[in-house]
Amino acid sequence: MHNQKLSKNRVMAMSALILVLTSCGKCEEYASEYSCDYVIKEATYDVYYWHNLEDDNEADNEFIGSSIGLEACKNLAMNHAYAIKEEWNDRAYVCGLIEDGNLMEKHRLLPQGYN
């Protein structure tokens, strides 16, 4: 009986530890492994713009620069669209979160209320 009780306590403790470890740093709003503050304000992004979005041609993706934070990423893409005289579309850009030179995640700035 004592061993069963000890075993149940271990299972509960391990379950709690797993829950804590898997939720550390994650940002649910962005389905990210990183914290929300990091994703929204601190991360370095490679910014890509998709020309002629309606044509659905992957070859139309263009690297247009880098930014810190999602708002700067979106602003860079919006300014690019304006400069090339394309109508802005929220789906026409993607922010590639870069860490140690590697693409880790892709994001777009969510509507206000998530920051």
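For the pair Leu110/Tyr30, a side-chain contact is recorded, criterion being any heavy-atom separation below 4.5 Å from C-beta on. Between Lys74 and Tyr93, some side-chain heavy-atom pair lies under the 4.5 Å cut-off. Asn89 places none of its side-chain heavy atoms less than 4.5 Å from the side chain of Trp50. Side-chain atoms of Leu70 and His107, non-hydrogen and from C-beta on, do get closer than 4.5 Å to each other. Side-chain contact between Tyr49 and Val94 is absent, with no heavy-atom pair separated by less than 4.5 Å. The closest side-chain heavy-atom distance from Ser32 to Lys26 is not below 4.5 Å. Between Leu103 and Asp46, the closest side-chain pair of non-hydrogen atoms is not below 4.5 Å.
Annotation: Glu54, atom CD; neighbour count of heavy atoms from other residues, nucleotides and ligands within 6.0 Å is above 12.
Listed by chain and number, the residues in a side chain to side chain donor-acceptor pair (under 3.5 Å) with Glu99 are Tyr34 (sequence neighbours excluded). In this structure, the side-chain contact (heavy atoms from CB on, under 4.5 Å) partners of Glu42, at least two apart in sequence or on a different chain, are Asp37, Tyr38.
The heavy-atom pair separating Ser35 from Cys27 by the smallest distance is C-CB, 3.8 Å. Nearest heavy-atom pair, Ala81 versus Trp88, reported as atom, atom and distance to 0.1 Å: CB-CE3, 3.9 Å. The two atoms that bring Tyr45 and Cys95 nearest to each other are CD2-CB, 3.4 Å, heavy atoms only.
Linking Ile, Leu, Val, Met, Phe, Trp and Tyr whenever their side-chain heavy atoms come within less than 4.5 Å puts Val47 and Met104 in one cluster. Hydrophobic clustering (side-chain heavy atoms under 4.5 Å, transitive across Ile, Leu, Val, Met, Phe, Trp, Tyr) groups Met78 together with Leu76.
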Apply side-chain contact (heavy atoms from CB on, under 4.5 Å) to residues Glu29 and Cys36 and explain how you reach the verdict. CA-CA 8 Å; Glu29 292 90 350; Cys36 289; 3.0 Å; yes

Pair Ile84-His51, side-chain contact (heavy atoms from CB on, under 4.5 Å): steps then yes or no: CA-CA 9 Å; Ile84 62 171; His51 297 271; 3.2 Å; yes

Would you check, one step at a time, whether the test ring-ring contact (aromatic ring centres under 6.0 Å, His included) holds for His80 with Tyr82? CA-CA 5 Å; His80 182 75; Tyr82 177 77; over 10 Å; no

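From Asp56, atom CG reaches atom CG of Asn52 across 11.5 Å, with rounding to the nearest 0.5 Å. Put simply, SG on Cys73 and CD1 on Ile64 are 7.5 Å apart, with the number rounded to the nearest 0.5 Å. The CG atom of Leu109 sits 7.5 Å away from the CD1 atom of Ile40 when rounded to the nearest 0.5 Å.
Side-chain N or O atoms of Arg108 include one that pairs as donor or acceptor with a backbone N or O of Asp90 at under 3.5 Å. Of the possible polar contacts, none joining the Asp100 side chain to the Asn102 backbone as a donor-acceptor pair under 3.5 Å is found. At least one donor-acceptor pair under 3.5 Å links the side chain of Glu105 to the backbone N or O of Glu33. With hydrogens and angles disregarded, no donor-acceptor distance shorter than 3.5 Å links the side chain of Asp55 to the backbone of Asn57.
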